[in-house]
There are 2 protein chains.
Amino acid sequence: MTQERRSGGRRGKTDRVGASIPQLPWQQVVNNNAPMQLFDEDRMEALHRTSMRILSELGIRVLDEKVLGIFEKAGAIVDRSEGTVRIDESLVMAALKSAPHTFTLTSRNPAKQLEIGGGNVAFGLVAGPPNVHDRVNGRRQGNLEDYKNFIRLAHYFNAIHIIGNQVVAPVELPANSRHLDTYRANLTLSDLSFHCTAIGRGRAMDGINMMAIARGIPVEEMRASPGVITIISVNSPRLFDGAMAEGLIAMAEHGQPVTITPFTLMGAMTPVTLAAALSQQNAEALFGAVLTQLVNPGTPVMYGAFTSNVDMRSGAPAFGTPENAKANIIGGQLARRYGLPYRTSNANASNAVDLQAAYETEMATWGAMLGGANMIYHAAGWLEGGLTASYEKLILDVEILQNMIEFLRPVPFQEDDLGFEAIKGVPTGGHFFGSEHTMARYSTAFYQPMLSNWQNYGAWQEAGGKDALDRATLLWQQALHEYEEPQMDPAIREELDAYVARRREEIGSDEP
Amino acid sequence: MTQERRSGGRRGKTDRVGASIPQLPWQQVVNNNAPMQLFDEDRMEALHRTSMRILSELGIRVLDEKVLGIFEKAGAIVDRSEGTVRIDESLVMAALKSAPHTFTLTSRNPAKQLEIGGGNVAFGLVAGPPNVHDRVNGRRQGNLEDYKNFIRLAHYFNAIHIIGNQVVAPVELPANSRHLDTYRANLTLSDLSFHCTAIGRGRAMDGINMMAIARGIPVEEMRASPGVITIISVNSPRLFDGAMAEGLIAMAEHGQPVTITPFTLMGAMTPVTLAAALSQQNAEALFGAVLTQLVNPGTPVMYGAFTSNVDMRSGAPAFGTPENAKANIIGGQLARRYGLPYRTSNANASNAVDLQAAYETEMATWGAMLGGANMIYHAAGWLEGGLTASYEKLILDVEILQNMIEFLRPVPFQEDDLGFEAIKGVPTGGHFFGSEHTMARYSTAFYQPMLSNWQNYGAWQEAGGKDALDRATLLWQQALHEYEEPQMDPAIREELDAYVARRREEIGSDEP
């Protein structure tokens, strides 16, 4: 019901006038602008060559026997004493041939199907913070109730397309089975696709199975129609974790999309130079991408980038920096070179929802858009360099994302849009407020923001002089108040609950 | 002295450790990135054709007899009963042939010479607000002391390249001679080029004469080496003011650069469609550009753009919107089509230095950069849609501009920057903090911000938990405290003072 109302018209008019927050309808966002080329072909070739040297001469260390075996079988040089895998360019390029350029992600609501790759763009909810913050209740540890609220907000705001890995960790729940609770919340409180935790095979399989149940299809059908994603982080430099490798294999075996994201903060996990960081990122991302294809050729795999810098005085991570924006752009050039969809982020390093949070997020968002990103992860709610999920930051981010969506919207350009007759009809020094040309278009001509306030100073003061942060605090509360849980077939809900109960018992105190 | 210290090294190290605000050195900013092409050649041609129809069929109304005469002599169709000038494409294109693609602006400090046009970018101080605000002293009417402080800040911060028209109006001074006081402040408290008020011939001539005195050269030498600029606003739709026309003529006669900026808020002064607004902006800007060439062929003239939208519910102006960003980009496509340097702005419509001020300013700044802007006017200090000059906003803006300057800096790409040996030297899962490759570069590898704080949450809280706005409030005070007046030859200062005294007497209670 809510959903129907909200996507009914471009401006999301509702029947409760004044009650609803203005927002854009759910949409597949398309970026038709040519990506920026910060590096020319020679430089791209030099990055590629350096990456190939890293892979063939230095290799990647993998803490998983199964993965070593897979690479060995494919012709890689596996050194079991070091645990390293060395692969050459021909193996890389041959494996990547089977990776699709685009893929479709289908949640339990077919109307929210996402095309990933090409010019398409999807925005993801923040993932991973141990803490949560809002200005009403303060800063606190992650917990299931806040987790649920963020899922409600992700469902409410159409600019959020996908749920990332645990928006906040519900730390009051047992670590080995809390993924069941968060998956269940994702599936019942929203109708979006989500990220399966790939720490071990069990967590990945639970996500796949539960999405299949929610969609009312057998797991086998998910192979041809993926419904969940995961991200495999690389412990840069050049180290693949064992549990994550197991998760990768499970996802790939079932045809679910995998993103490989090296954790490459310049000066810490890579050299300080952008050229070196990108060469290393590229080697590590391609290594994981090759693995997905060796496990199951045709598995959708995204090229993940998370290259930013650190504060060289303290070693603290920095995001939304000029260096981060450049990395976001060149990362896209690299992903396209290998024909892979491109995931990056628009993070910031601020401790408060303040000017810094805004300008760093904007800087990174523009870098991502100019880089032709297909998925922008952590796009709503990220604060404190990822250590806190923030309600107010989520509101700020949705406004930033909506502005970007509108920026990407093609400009109407019919004869009448050129407006010669309209201009002719208004005297010199006059105005166009009441002209027919204006009246026919005024309600849809411009983006109507939810957070910005354009009152004049006097009117703004009279209305309380609330700044954008004050307004954000009101907006997330209003959104939670207006939120309506999407309908779910009671039989499916029962099946989900039964699955969760059974798995909780199976897991017990073991790892899933 | 201060200047020498500050531009000594890339990081602007000073001899007073810890005392100085980290900032980039004074530099000619160059944007080597290809501008974004939002419109293809067909659309650009359609805009051009519509502009030509506006100029030849509808015409521009000019409230100045001298200008009507100039156009008449050039072959335009002048209707004296309406006061309109109609010009055809051949006249436009013939006149623009003499307009230079680039020009050089020389202030009294030759080290701060600015190349305008091509890939060069210059950032200007906010211009025009009647009010001023900071968080220590609150909101107040413009006055000379605040005016002077803003000039001091413009001199202090190297990211500000040029002083715009009256950063705040010193309303306690007589309106007909206060330009003498503001020009004097510009010339004594800073060593930057500045904007001459072109409301009437007298104010323009005073700016030209005073810059010549400050440079120690005869006014005649300024013809070949311009030192001041002006902006001629068009009273859109299609109306040229008389006093401004007089100012334009004075500037053009003396070879000083003129910017023509139509005031084109979509839905108010133009139709609501971007295509129409840009067609009208283009017609009006070209009309003024043609006039400069008819007055004095070869006069440097900039294509000015100020196209944004209004809030259609209230009519209030909006800036930093998606529509404004697109207009900034396509405006650049238009300027380059006619071979003219491009001026635009990065304004916002917020009433407070808040999240909105930050994201709107970023949106507009990226639009300007992607549009290949050569001069970004109002780039530091603009608040309340231009009705207030804000100290904290200036700090925010300098940080935004410095981030952009660093984004534009070319990426080092020598063999060693690719870092293969450095990567080889660090074990898998290790770190690069202490590696030789890092140590050789750590102090210059990344941009060091002045406003951003990258401490972890605990350290940040312990240090007082100041958000970016709190820090901005400290920073402008620190900058004013550290500011040192640039040296000026006492004889020149005397000559300037004598000029001001003489002109003040001449003007009396008349218009200058």
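Every chain is numbered from 1 and lettered A, B, ... according to where its sequence line falls, protein lines coming before strand lines. Heavy-atom basis, side chains included; hydrogens, waters and symmetry copies ignored.
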Engaged part of A:E57 at the chain B interface, taking heavy atoms whose separation is under 4.5 Å
side chain
Which atoms of B:I60 come close to chain A, meaning under 4.5 Å heavy atom to heavy atom: side chain ones, backbone ones, both, or neither?
neither
Chain A contacts, top residue of B:P449, B:G465, B:G385, B:G429 (heavy-atom pairs, under 4.5 Å)
B:G429
Chain A contact via B:I329 - side chain, backbone, both or neither, heavy atoms under 4.5 Å:
side chain
When the 4.5 angstrom heavy-atom criterion is applied to A:L387 and chain B, the contacting part is neither
Part of A:E399 lying under 4.5 Å from any heavy atom of chain B:
side chain
If only atom types and distance count, is the side chain of B:E323 paired as donor or acceptor with the main-chain N or O of A:Y447 below 3.5 Å?
yes
Based on non-hydrogen pairs under 4.5 Å, which of A:F319, A:F432, A:Y442 is most in contact with chain B?
A:F432
Could you look at A:L38 and say if it's the side chain, the backbone, both or neither that has a heavy atom under 4.5 Å from chain B?
side chain
Residue B:S279 versus chain A: region with a heavy atom under 4.5 Å:
side chain
In terms of heavy-atom proximity below 4.5 Å to chain A, should B:R49 be classed as side chain, backbone, both, or neither?
neither
Heavy atoms of other groups near B:E415 CD, more than 12 under 6.0 Å:
no
Measuring heavy-atom distances to chain A, does B:L469 have an atom under 4.5 Å in its side chain, in its backbone, in both, or in neither?
both
So which part of A:R313 gets closer than 4.5 Å to some heavy atom of chain B, the side chain, the backbone, both or neither?
side chain
Looking only at side-chain N and O atoms, does A:Y359 offer a donor or acceptor that is under 3.5 Å from a partner on B:T361?
no
Qualifying residues under side chain to side chain contact (heavy atoms under 4.5 Å, CB included), relative to A:A440, sequence neighbours excluded:
none
Is A:V234 close to chain B through its backbone or its side chain, or both, or neither, when contacts mean heavy atoms under 4.5 Å?
neither
Would you say the side-chain atoms of A:E384 pair up with the backbone N or O of B:Y457, donor to acceptor, closer than 3.5 Å?
no
Given a strict heavy-atom distance threshold of 4.5 Å, which part of A:N456 is in contact with chain B: side chain, backbone, both, or neither?
backbone
Comparing B:L278, B:T50, B:N235 against chain A, the one with the most heavy-atom pairs below 4.5 Å turns out to be B:T50
Please determine, among B:N131, B:T388, B:D417, B:L239, the option with the most heavy-atom pairs under 4.5 Å with chain A.
B:D417
Atom group of A:E360 that falls short of 4.5 Å from chain B, counting heavy atoms:
side chain
A:Q356 and side-chain contact (heavy atoms from CB on, under 4.5 Å): which partner among B:L396, B:L451, B:N453?
B:N453
Sort B:D311 into side chain, backbone, both or neither according to what part of it lies under 4.5 angstrom from a heavy atom of chain A.
both
Pair count under 4.5 Å, heavy atoms only, with chain A: among B:R139, B:Q455, B:Q280, highest is B:R139
Is chain B contacted by the side chain of A:P427, its backbone, both, or neither, given a heavy-atom distance below 4.5 Å?
backbone
Parallel, tilted or perpendicular: which describes the rings of A:F39 and B:F413, with under 30° parallel and over 60° perpendicular?
perpendicular
Given heavy-atom pairs under 4.5 angstrom as the criterion, report whether the side chain, backbone, both or neither of A:I400 touches chain B.
side chain
At a heavy-atom separation under 4.5 Å, does A:M269 approach chain B through its side chain, its backbone, both, or neither?
backbone
